[in-house]
Visitor: 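Starting off with a structure, shown below.
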Amino acid sequence: GALVYQYPRRTICKSGTSMRMECQAVGFQATSVAWYRQSPQKTFELIALSTVNSAIKYEQNFTQEKFPISHPNLSFSSMTVLNAYLEDRGLYLCGARRDRVAGQLYFGEGSKLTVL
Amino acid sequence: GQQVQQSPSSLVLQEGENAELQCNFSSTATQLQWFYQSPGGSLVSLLSNPSGTKHTGRLTSTTVTKERRSSLHISSSQTTDSGTYLCAIDTGGADRLTFGKGTQLIIQP
């Protein structure tokens, strides 16, 4: 089956510090990874789309300077939240597209960020 | 922009009853997925169903593309089905999903 693991599940950090989260695809090749954030109010925002060997595409209101992403191979992606503040709180989810199976994203368990 | 509306916002049923969840969207979707989100936050992909009817286990999804609506039917509900069910459609690429606000399902024993 298609499994996506995320680490860490939860992080509490002080304002102005940074948090790195990892996304691991198991059992399939993830040629693209989408990073989302679910706010405390439960709304979803797409942060960026990352494809191996292609430029990472950030959505409006999200930048590489704030959310640098690394996607070095078909099974791993990481994203860092730099200088985290209250507005960065939420559940960060990575969705991996399973190679050769069009249109379906498999999500990890999410990395919950709490900022004090 | 693309809008996804789910109804009802919450649903309380007794164990064994069937659940019917609705998803309406504002423009044509080339991809539609139903997800289950656990209280802990994990998103589980249930069905990918851009058109027609699909079954898996106790779940049935029917999407009528030209009417821009989809439904998720859960038969013989169990307490472990409790959680939030999300409908999401693509907005120009299979990875760019727009999510609805979800239906919170509570199954009582």
Side-chain angles (χ1 to χ4, degrees), chain A residues 1-6 8-10 21 23 28 30-52 54 56-60 62 71 77 89-114, chain B residues 1-10 23 25-26 28-52 54 56-57 59 61 63 65 70 72 83-105:
Chain A
L3 292 174
V4 177
Y5 289 109
Q6 280 189 251
R9 293 291 310 278
R10 293 176 182 82
M21 58 198 80
C23 177
F28 68 102
T31 56
S32 64
V33 171
W35 285 94
Y36 287 83
R37 179 172 69 195
Q38 186 180 30
S39 71
Q41 295 73 35
K42 304 300 181 185
T43 58
F44 285 84
E45 296 176 281
L46 175 63
I47 298 170
L49 295 174
S50 171
T51 304
V52 173
S54 296
I56 298 169
K57 298 178 183 178
Y58 286 85
E59 295 295 292
Q60 194 173 10
F62 296 95
H71 190 179
S77 178
R89 292 173 302 166
L91 180 69
Y92 288 81
L93 292 150
C94 84
R97 184 172 182 272
R98 188 172 175 178
D99 192 30
R100 300 178 188 272
V101 178
Q104 190 162 3
L105 280 183
Y106 293 90
F107 283 88
E109 295 173 307
S111 295
K112 184 177 180 180
L113 174 61
T114 300
Chain B
Q2 183 65 267
Q3 292 186 349
V4 180
Q5 296 186 336
Q6 291 186 245
S7 60
S9 57
S10 63
C23 175
F25 38 96
S26 59
T28 302
T30 57
Q31 187 52 248
L32 184 146
Q33 276 186 261
W34 283 95
F35 293 93
Y36 166 78
Q37 187 168 37
S38 69
S42 306
L43 268 186
V44 177
S45 179
L46 299 174
L47 284 164
S48 176
N49 187 28
S51 64
K54 285 193 176 180
T56 181
L59 304 178
S61 173
T63 299
T65 308
S70 180
L72 180 68
T84 301
Y85 289 79
L86 294 157
C87 170
I89 64 171
D90 82 335
T91 54
D95 303 335
R96 185 174 275 107
L97 296 176
T98 298
F99 286 82
K101 293 187 177 181
T103 293
Q104 185 180 16
L105 180 63

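Residue numbering restarts at 1 for every chain, and letters A, B, ... go by the order of the sequence lines.
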Visitor: Heavy-atom cut-off 4.5 Å, strictly under: side chain, backbone, both or neither for A:Q38 against chain B?
Guide: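 Only the side chain of A:Q38 comes within 4.5 Å of chain B.
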Visitor: In terms of ring plane angle, is the pair A:F44 and B:F99 parallel, tilted or perpendicular, where the classes change at 30° and 60°?
Guide: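 Because their plane-to-plane angle is under 30°, the rings of A:F44 and B:F99 count as parallel.
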Visitor: Most heavy-atom pairs under 4.5 angstrom with chain B, which of A:E59, A:R9, A:K112, A:Q6?
Guide: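 It is A:E59.
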Visitor: Relative to chain B, which segment of A:E45 carries a heavy atom at a distance below 4.5 Å: side chain, backbone, both, or neither?
Guide: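 When you check distances to chain B, no heavy atom of A:E45 falls under 4.5 Å.
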Visitor: Measuring from atom NZ of B:K101 to atom NZ of A:K42, what distance do you get when rounded to the nearest 0.5 angstrom?
Guide: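 Nearest 0.5 Å value for the NZ-NZ distance: 13.5 Å.
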Visitor: Sub-3.5 Å donor-acceptor pair from the side chain of B:Q104 to the main-chain atoms of B:S10, do we have one?
Guide: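 Such a contact is absent between B:Q104 side chain and B:S10 backbone.
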Visitor: Can you say whether the rings of B:F35 and A:F107 are parallel (under 30°), tilted (30 to 60°) or perpendicular (over 60°)?
Guide: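 B:F35 and A:F107: perpendicular rings.
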